Novice: 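Structure below; questions to follow.
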Amino acid sequence: NAGVTQTPKFQVLKTGQSMTLQCAQDMNHEYMSWYRQDPGMGLRLIHYSVGAGITDQGEVPNGYNVSRSTTEDFPLRLLSAAPSQTSVYFCASSHKYSDEQYFGPGTRLTVT
Amino acid sequence: AQKVTQAQTEISVVEKEDVTLDCVYETRDTTYYLFWYKQPPSGELVFLIRRNSFDEQNEISGRYSWNFQKSTSSFNFTITASQVVDSAVYFCALSEADAGGTSYGKLTFGQGTILTVHP
């Protein structure tokens with residue numbers, strides 16, 4: 001199992017550009033989520049999904065879109081990047097009956 | 001709304017010292033899960049422990065131990081005889097669950113405690 005994979009590892013964007021952070025898991029987990037990590041603030045939930053076709057907002061959803069067309073993939077889209085979105089982004093997945101979250105290695109995003 | 005507070009922003013100890021990382025949480029739910037994660041300098045998040053709200057039994061795993069007290073809404077983490085390799089950021093997290101125990105994978109994290117162990 002590759003576990004949870006995220007691409008890219010690093011990305012630099014200019015303000016106003018768009019991009020998609022990719023997240024995939026091969027464990028057949030029902031739940032997937034996106035977090036951002038900022039210094040001194042821990043990780044904060046952006047969006048989450050309880051299954052294919054079902055997504056919902058977390059604590060800090062503004063400026064981000066998600067969709068979940070398959071169980072395996074949960075991409076995070078930035079439609080118009082802003083400097084405030086400079087952060088480290090983590091994707092996570094878990095089994096419906098387990099609650100142990102498996103985290104990806106993270107994507108470090110810088111918006112200039 | 002749920003909240004997790006790690007009052008210690010940074011802790012610095014010398015190798016072989018014992019160190020306790022504090023975690024206090026707030027939730028209105030009766031069913032919830034508590035977690036500790038370690039984030040070493042390499043940046044990945046390493047799962048350490050999960051505890052559900054109905055299990056107040058303390059746990060020991062090698063040099064690590066956890067003290068869960070519902071009466072004070074605390075879930076503290078102690079490292080005995082600390083080592084340089086324990087240097088990392090440690091996060092406490094909370095996941096609320098429905099009556100059936102399903103949490104939907106939504107975690108609320110504390111701010112993290114930076115632990116530095118000096119040789």
Side-chain angles (χ1 to χ4, degrees), chain A residues 2-6 8-10 23 25 27-51 54-61 66 68 71 74 87-109, chain B residues 1-10 21-27 29 31-55 61 88-98 100-114:
Chain A
V4 180
T5 58
Q6 290 183 237
K9 286 192 185 315
F10 302 95
C23 173
Q25 52 91 8
M27 298 172 281
N28 206 31
H29 284 170
E30 294 85 356
Y31 302 154
M32 296 186 75
S33 49
W34 277 102
Y35 296 84
R36 59 176 289 173
Q37 181 180 10
D38 302 295
M41 302 188 74
L43 282 77
R44 291 179 294 168
L45 182 65
I46 305 172
H47 285 286
Y48 68 99
S49 169
V50 297
I54 307 170
T55 64
D56 205 347
Q57 297 180 350
E59 180 186 352
V60 288
V66 292
R68 185 132 178 241
T71 299
F74 191 42
S87 188
V88 180
Y89 291 84
F90 287 96
C91 179
S93 73
S94 59
H95 190 274
K96 185 176 182 179
Y97 300 112
S98 169
D99 290 294
E100 180 179 340
Q101 296 260 328
Y102 291 77
F103 282 86
T107 294
R108 186 174 293 275
L109 175 68
Chain B
Q2 51 190 343
K3 184 178 179 181
V4 177
T5 302
Q6 296 177 250
Q8 303 141 313
T9 303
E10 291 191 54
L21 282 61
D22 297 331
C23 173
V24 174
Y25 62 91
E26 296 175 27
T27 178
D29 283 6
T31 305
Y32 51 89
Y33 298 93
L34 295 163
F35 302 80
W36 276 94
Y37 285 87
K38 174 182 179 180
Q39 187 175 46
S42 51
E44 74 272 22
L45 286 159
V46 179
F47 169 82
L48 295 178
I49 190 173
R50 177 188 66 156
R51 172 70 71 227
N52 75 53
S53 53
F54 298 109
D55 182 4
S61 177
V89 183
Y90 290 87
F91 291 100
C92 180
L94 166 71
S95 177
E96 292 178 335
D98 63 19
T102 300
S103 69
Y104 305 110
K106 297 163 57 181
L107 295 180
T108 297
F109 282 82
Q111 304 93 315
T113 297
I114 302 170

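Chain letters run A, B, ... following the sequence lines, proteins first, then strands; residues in each count from 1. From a predicted model like this one, the values you see are computed outputs, not experimental measurements.
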Novice: Parallel, tilted or perpendicular: which fits the ring planes of Tyr102(A) and His29(A), with parallel below 30° and perpendicular above 60°?
Specialist: tilted
Novice: Measure from the side-chain N and O atoms of Ser53(B) to the backbone N and O of Tyr32(B), and report whether any donor-acceptor pair falls under 3.5 Å.
Specialist: yes
Novice: Would you mind checking which part of Gln6(B) comes under 4.5 Å of any heavy atom in chain A, side chain (CB onward), backbone (N, CA, C, O), both or neither?
Specialist: neither
Novice: Which pair of heavy atoms, one from Phe91(B) and one from Gly42(A), lies closest together, and at what distance?
Specialist: CE2-CA, 3.5 Å
Novice: Quick one: which of Thr108(B), Leu45(B), Asn52(B), Val89(B) has the most heavy-atom pairs under 4.5 Å with chain A, could you say?
Specialist: Leu45(B)
Novice: Name the region of Gln37(A), side chain, backbone, both or neither, that has any atom closer than 4.5 Å to a heavy atom of chain B.
Specialist: side chain
Novice: Which class fits the ring pair Phe103(A) and Tyr37(B): parallel under 30°, tilted 30 to 60°, perpendicular over 60°?
Specialist: perpendicular
